[in-house]
Visitor: 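Once you've had a glance at the structure underneath, I'll fire off some questions.
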Protein chains: 2
Amino acid sequence: MMTAMCAARPADDDATADGSPAAGWSAQINALGDFIRAQRQLANLSLREMASMTSVSNAYLSQVERGLHQPSLKVLHSIADALQLSTEQLLGQAGWVTGTGAATASAESGGTEDAIRKDPRLSPEQRIALLGVYRSFVAGATD
Amino acid sequence: MMTAMCAARPADDDATADGSPAAGWSAQINALGDFIRAQRQLANLSLREMASMTSVSNAYLSQVERGLHQPSLKVLHSIADALQLSTEQLLGQAGWVTGTGAATASAESGGTEDAIRKDPRLSPEQRIALLGVYRSFVAGATD
DNA sequence: CACGTTTGATAAGTATGTCAAGCATGCGGG
DNA sequence: CCCGCATGCTTGACATACTTATCAAACGTG
């Protein structure tokens with residue numbers, strides 16, 4: 001197995017002529033596909049094997065690996081599972097998550113807000129309420 | 001403005017009896033939608049405002065918030081950006097960051113109390129009040 | 001060489017995400 | 001009263017993700 005099979009990449013297609021899709025994600029998609037393929041081959045899996053593990057068709061996996069499509073969360077998750085990777089690694093590879101630490105918002109100045117937002121023990125409604133209270137407090141003070 | 005007018009949720013449809021690895025989507029989608037809506041309202045944004053920020057149509061945002069659709073990565077990312085959240089928080093909310101290690105939650109859990117205690121912008125009374133609210137929330141959530 | 005098997009790639013069809021336009025409702029002013 | 005302006009919700013058309021069925025090449029067997 002694993003012979004130099006028929007690998008053909010139809011040249012780097014960065015067609016962003018029409019403005020429909022967000023420009024420039026082809027690079028990330030390619031990176032993601034390469035990464036997935038590498039991991040798959042590392043695990044000595046064929047497309048079909050992985051397909052049966054992920055319940056995603058081999059054909060689509062092939063297309064994803066070659067950067068022809070942007071897989072959805074479901075598929076991404078399945079793939080990560082089959083390859084024994086965390087979804088975060090996959091997303092990170094595609095550049096969709098800013099990084100593991102990643103605090104795009106105000107992390108240092110608004111530590112409390114951030115903590116509330118990230119707290120997994122709160123339901124959405126509770127979050128709203130708590131943040132509302134907190135903000136009213138802070139707004140009332142000198143700020 | 002901001003009066004909750006025509007609101008209708010078409011019953012909770014949780015029909016996922018098959019043994020697929022990704023079973024139980026509707027619940028997650030609903031959670032995600034609720035979270036997004038909560039955050040949006042927190043930021044005092046209307047659907048249309050957010051739509052213009054995210055370059056996603058208001059209609060679709062509405063549907064996503066109500067759990068009628070699963071947004072793609074692009075859209076998710078845009079939303080996170082508009083709400084000044086990291087994509088990971090969104091994904092975490094929906095429970096998509098399973099991963100093998102996946103200790104996103106436990107690491108942050110408990111950080112909220114700490115953040116509140118340390119927050120220099122709160123007066124002692126406010127601190128007590130906020131902690132009280134937070135604790136009541138967490139206590140009610142069957143830890 | 002015929003044969004079956006395994007591999008990755010392609011074709012055409014189906015399901016689902018996404019948008020632009022229109023609907024319903026509430027609010028303030030003539 | 002009606003009217004315009006705000007909001008959120010629904011419809012129907014299109015684009016994209018995804019599937020099932022199939023192909024051509026490489027690897028065996030005898």
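What you see below is based on every heavy atom in this structure, not just the backbone, and it leaves out hydrogens, waters and symmetry mates. What you are looking at is a predicted structure, and each value in this text was computed from that prediction instead of being measured. Each chain gets a letter, A, B and so on, in the order the sequences are listed, and its residues count up from 1.
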Visitor: Can you tell me if B:Arg40 touches the phosphate of D:dT7, counting only side-chain N or O atoms and a distance under 4.0 Å to OP1 or OP2?
Guide: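 Indeed not, no polar side-chain atom of B:Arg40 lies that close.
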
Visitor: Round to the nearest Å and state the distance from B:Gln70 atom CD to D:dA17 atom C1'.
Guide: 11 Å

Visitor: Please state how far atom OH in B:Tyr60 lies from atom P in C:dG17, giving the value in whole angstrom units.
Guide: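 Value for this atom pair: 6 Å.
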
Visitor: With a 4.0 Å cut-off on heavy atoms, is B:Ser72 in touch with a base, just the backbone sugar-phosphate, or nothing at all?
Guide: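 Answer is sugar-phosphate: B:Ser72 comes under 4.0 Å of backbone atoms only.
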
Visitor: If I take atom CG in residue B:Leu68 and atom P in nucleotide D:dC9, what distance separates them, rounded to the nearest angstrom?
Guide: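 After rounding, the reported distance stands at 10 Å.
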
Visitor: Let me know the distance between NZ of B:Lys74 and C1' of C:dT18, rounded to the nearest Å.
Guide: 9 Å

Visitor: Work out which heavy atom in B:Ser46 is nearest to a heavy atom in B:Arg40; give both atom names and the distance.
Guide: C-NE, 3.9 Å

Visitor: In whole angstroms, how far is the P atom of C:dT18 from the CG atom of B:Leu73?
Guide: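 These atoms are roughly 10 Å apart.
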
Visitor: How close or far is atom P of C:dC23 from atom CZ of B:Arg48, stated in whole angstroms?
Guide: 14 Å

Visitor: For the side chain of A:Leu47, starting at C-beta, report the closest nucleotide among C:dA9, C:dA20, D:dA17.
Guide: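 The listed nucleotide nearest to A:Leu47's side chain is C:dA9.
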
Visitor: So does A:Ser46 get a side-chain nitrogen or oxygen closer than 4.0 Å to the phosphate oxygens (OP1/OP2) of C:dT7?
Guide: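 Yes, because at least one side-chain N or O of A:Ser46 sits under 4.0 Å from OP1 or OP2 of C:dT7.
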
Visitor: Verify the contact: side-chain N or O of A:Ser57 to OP1 or OP2 of D:dC18, cut-off strictly under 4.0 Å; return yes or no.
Guide: no

Visitor: Rounding to a whole Å, what distance do you find between A:Asn58:CG and C:dA11:C1'?
Guide: 14 Å

Visitor: Okay, side chain of A:Arg48, backbone of A:Asn58: is any donor-acceptor separation there less than 3.5 Å?
Guide: no

